[in-house]
2 protein chains.
Amino acid sequence: MASDTCIRLLADPIQINQCKSMLSENQESFNRISEALSLAGNEVRLKILYLLSVEKQLCPCDLSDILGMTIPAVSQHLRKLKDGRVIEGRRVGQTIFYSLRQDHLELLKPLFSHIQPTLSV
Amino acid sequence: MASDTCIRLLADPIQINQCKSMLSENQESFNRISEALSLAGNEVRLKILYLLSVEKQLCPCDLSDILGMTIPAVSQHLRKLKDGRVIEGRRVGQTIFYSLRQDHLELLKPLFSHIQPTLSV
DNA sequence: TTCTTATTTAAGCAATTGCTTAAATATTTA
DNA sequence: TAAATATTTAAGCAATTGCTTAAATAAGAA
């Protein structure tokens, strides 16, 4: 690592240190947000999240039909989203209805507005 | 796949088809946005993006110092961000200054507001 | 209880990710 | 020109991702 370090004089050591402390002060945020974004950063999961924001609730079976993929594939995405506290499931008989949680909704909602710019209702 | 399909009667076929066409109409958006989010969905890259939003421009060398990682590691993240048209580089002598591009800035800016809620300037 | 349906879980595997180290490419300075 | 600095690129590799298929759970219907 030492051999890769730049020896430049241009850098402002005060600026560098301010940046460093900013990072460590907000470590929690960076971790939490990057985790949420990595969940939404998969095309299938982004579709699921958007579908849930429009339809309020959907079961794995619906999502399998809509997305055109196998149930286990969908189920594994749902599990990740559930583990990340982005969605939650509610059991009604055999079927489990998934819906968005409040937790990260503030973070994700603005993203959805970029999806259907020509939405006419 | 057929054997995995649900046979349920609950589902509203009209709703399913509406969802399907919504997806195909916005395929482009889902692809573009999920790609941008997957870039920001890495903790190191999210930090780089936020640092650039604050400091306006930084070189790989600065970022290496700030992030505490090797130059090549930083450089490879910068390449991904550049390929994804999220940042751009401007060469000044030996050093290359990276900065945010306008392209996805509208998408990313709202995310940054969740990072330093207690920012006192 | 047995059968069917809805869902999850697990194992396997190819593809991707993100680092490491070493080498290559630019640019400036001596 | 040669030497030093800043950056990129490439190869290698462990870890992760996202699918597949098959099996395990869970709940309703016969």
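We name chains A, B, ... by the order of the sequence lines, and we start the count at 1 in each one.
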Grab the N/O contacts between the protein and nucleotides 2-5 of chain C below 3.5 Å, and write none if there aren't any.
residue	atom	partner	partner atom	Å
dT5(C)	O2	Q94(A)	NE2	2.2

**Message:** I need the full list of salt bridge (charged side-chain N to carboxylate O under 4.0 Å, His left out) pairs touching residues 16-34 of chain B, with sequence neighbours left out, sorted by first then second residue.
**Reply:** none
Which of these nucleotides, [options], is closest to any side-chain atom of [X]?
X: V44(A); options: dG18(D), dC19(D), dT8(C); result: dC19(D)
X: A73(A); options: dC19(D), dC19(C), dT7(D); result: dC19(D)
X: N42(A); options: dG18(D), dT7(D), dC19(D); result: dG18(D)
X: I96(A); options: dT8(D), dT20(D), dT7(C); result: dT7(C)

**Message:** Which residues pass the ring pair (Phe, Tyr, Trp, His ring centres under 6.0 Å) test with F30(A), not counting sequence neighbours?
**Reply:**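 For F30(A) the ring pair (Phe, Tyr, Trp, His ring centres under 6.0 Å) partners, ignoring immediate neighbours, are Y50(B).
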**Fill in**
Residue set satisfying disulfide bond (SG atoms under 2.5 Å apart) with C61(B), at least two apart, ordered chain then number -> C6(A)
All N/O donor-acceptor pairs, side-chain side in residues 73-82 of chain A, below 3.5 Å, sequence neighbours left out:
residue	atom	partner	partner atom	Å
H77(A)	ND1	R45(A)	NH1	3.2
R79(A)	NH1	D83(A)	OD1	3.4
R79(A)	NH1	D83(A)	OD2	2.8

**Request:** Report the residue (P60(B) or G41(A)) whose heavy-atom-nearest nucleotide on DNA chain D is the more 5′ of the two.
**Result:**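 It is P60(B), whose closest nucleotide lies nearer the 5' terminus.
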**Prompt:** Closer to the 5' end of DNA chain D via nearest nucleotide, is it R45(A) or C59(B)?
**Reply:**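 Here C59(B) is the residue nearer the 5' end.
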**Prompt:** When clusters are formed from ILVMFWY side-chain contacts under 4.5 Å, directly or step by step, what else is grouped with V92(A)?
**Reply:** F97(A)
**Prompt:** Is it true that a side-chain atom of S64(A) and a backbone atom of M69(A) form a donor plus acceptor pair closer than 3.5 Å?
**Reply:** yes
**Message:** If you count heavy atoms of other groups shown closer than 6.0 angstrom to CD of E106(B), is the number above 12?
**Reply:**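 Atom CD in E106(B) is not packed in, count stays at 12 or less.
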**Request:** Check whether any side-chain nitrogen or oxygen of T95(A) sits under 4.0 Å from OP1 or OP2 of dA6(C), and answer yes or no.
**Result:**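 No.
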**Request:** Would you jot down, in residue-number order, the residues of residues 74-92 of chain B having a non-hydrogen atom under 4.0 Å from DNA chain C?
**Result:** Q76(B), H77(B), K80(B), R91(B)
**Asked** Which parts of residues 30-39 of chain B get close to DNA chain D, meaning a heavy atom less than 4.0 angstrom away?
**Response**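 Result for residues 30-39 of chain B: none.
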**Prompt:** Can you name the residues that form a salt bridge (charged side-chain N to carboxylate O under 4.0 Å, His left out) with E43(A), not counting sequence neighbours?
**Reply:**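 E43(A) satisfies salt bridge (charged side-chain N to carboxylate O under 4.0 Å, His left out) with K47(A) only.
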**Prompt:** Who pairs with R101(A) by side chain to side chain donor-acceptor pair (under 3.5 Å), at least two apart in sequence or on another chain?
**Reply:**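 R101(A) satisfies side chain to side chain donor-acceptor pair (under 3.5 Å) with D103(A) only.
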**Request:** Output all residues satisfying side chain to side chain donor-acceptor pair (under 3.5 Å) with R90(A), sequence neighbours left out; order by chain, then residue number.
**Result:**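 Side chain to side chain donor-acceptor pair (under 3.5 Å) check on R90(A) returns Q57(A).
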**Item:** L58(A) CG to dT7(C) P, straight-line distance once rounded to whole Å
**Value:**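 For the pair L58(A) CG and dT7(C) P, the rounded distance is 11 Å.
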**Item:** Rounded distance (Å) that lies between atom P of dG18(C) and atom NZ of K47(B)
**Value:** 14 Å
**Asked** Got a sec, which residues hit side-chain contact (heavy atoms from CB on, under 4.5 Å) with A36(A), two or more places apart in sequence or on another chain?
**Response** H104(A), L107(A)
